[in-house]
Amino acid sequence: MDNTTCIVDIARYFIAFCADESCGLCAPCRLGTVQLEEILNRITGGKGTLEDLDKLESLGEVVQQTSLCGLGQTAPNPVMSTLRHFRDEYLAHVVDKTCPAGVCTALLPVEVTVGKEK
Ligand code: SF4
């Protein structure tokens with residue numbers, strides 16, 4: 001990973017994997033991973049808010065503390081650690097509506113050229 005990697009998109013990728021792998025036995029993992037994925041989809045889709053960052057943290061903690069096995073207990077780790085260490089990238093997505101790595105297509109600048117066509 002380098003500066004062309006979007007850390008929010010990476011977190012979304014890992015939580016999507018865990019949501020797919022959840023066996024569904026317990027609700028915190030079955031529902032919580034899907035909700036975390038939905039929030040991250042909203043953020044990478046340009047519709048995230050500051051409130052979503054708080055929801056990621058509080059929901060992530062609930063999933064970690066109440067899931068029955070290691071999958072659910074560790075599933076939120078990429079979300080929680082990227083929020084802790086790369087919060088500025090999350091803020092760029094939800095406040096500035098930009099993706100610093102240029103990965104999230106919904107947040108890429110749109111250039112309109114007005115002029116004569118040949
Ligand atoms: S935490 Fe474990 S037991 Fe619970 S739904 Fe996830 S994979 Fe299944």
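Since the structure is predicted, the reported quantities are computational estimates derived from the model, not experimental observations. Whatever order the structure lists ligands and atoms in, that order sets their numbers, starting from 1.
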Side-chain heavy atoms under 4.5 angstrom apart, residues restricted to Ile, Leu, Val, Met, Phe, Trp, Tyr: same cluster for Leu50 and Leu36? yes
Please list, in number order, the atoms of ligand 1 under 4.0 Å from a heavy atom of Ser67. 1 (S)
So, do Asn41 and Glu37 sit near enough that their side-chain heavy atoms are less than 4.5 Å apart? yes
Counting from 1 in the order shown, the ligand 1 atoms closer than 4.0 Å to a non-hydrogen atom of Gly24 are 5 (S), 8 (Fe)
Which heavy atom of the protein is the closest neighbour of atom 3 (S) of ligand 1, given with residue, atom name and distance? Cys23 SG, 3.7 Å
Tell me which protein heavy atom sits closest to atom 2 (Fe) of ligand 1, plus the residue, atom name and distance to 0.1 Å. Cys69 SG, 2.3 Å
At a 4.0 Å threshold, what atoms of ligand 1 neighbour a non-hydrogen atom of Ser22? 5 (S), 6 (Fe)
When you measure from the side chain of Lys97 to the backbone of Gly48, do you find a donor-acceptor pair of N or O atoms at a distance under 3.5 Å? yes
Per-atom contacts of ligand 1 with Leu68, taking only distances under 4.0 Å to non-hydrogen atoms: 1 (S)
Suppose I only count heavy atoms of Leu25 and a 4.0 Å limit; which atoms of ligand 1 are within that range? 3 (S), 5 (S), 8 (Fe)
Would you compute the distance between atom CD of Gln35 and atom CD1 of Ile15 and round it to the nearest 0.5 angstrom? 11.0 Å
Are Ile43 and Leu56 packed together at the side-chain level, in the sense that at least one heavy-atom pair is separated by less than 4.5 angstrom? yes
Taking both backbone and side-chain atoms into account, decide whether Cys26 has an N/O/S atom under 2.8 Å from atom 4 (Fe) of ligand 1. yes
Identify, by atom number and element, the atoms of ligand 1 in contact range of Gly72, meaning under 4.0 Å from any of its heavy atoms. 1 (S)
Just by distance, do the side chain of Ser22 and the backbone of Ala19 share a donor-acceptor pair under 3.5 Å? no
Look at atom 6 (Fe) of ligand 1 and say which protein heavy atom is nearest, naming residue and atom and giving the distance to 0.1 Å. Cys29 SG, 2.4 Å
So, does Ser67 use its side chain to make a donor-acceptor pair with the main chain of Gln64 at under 3.5 Å? no
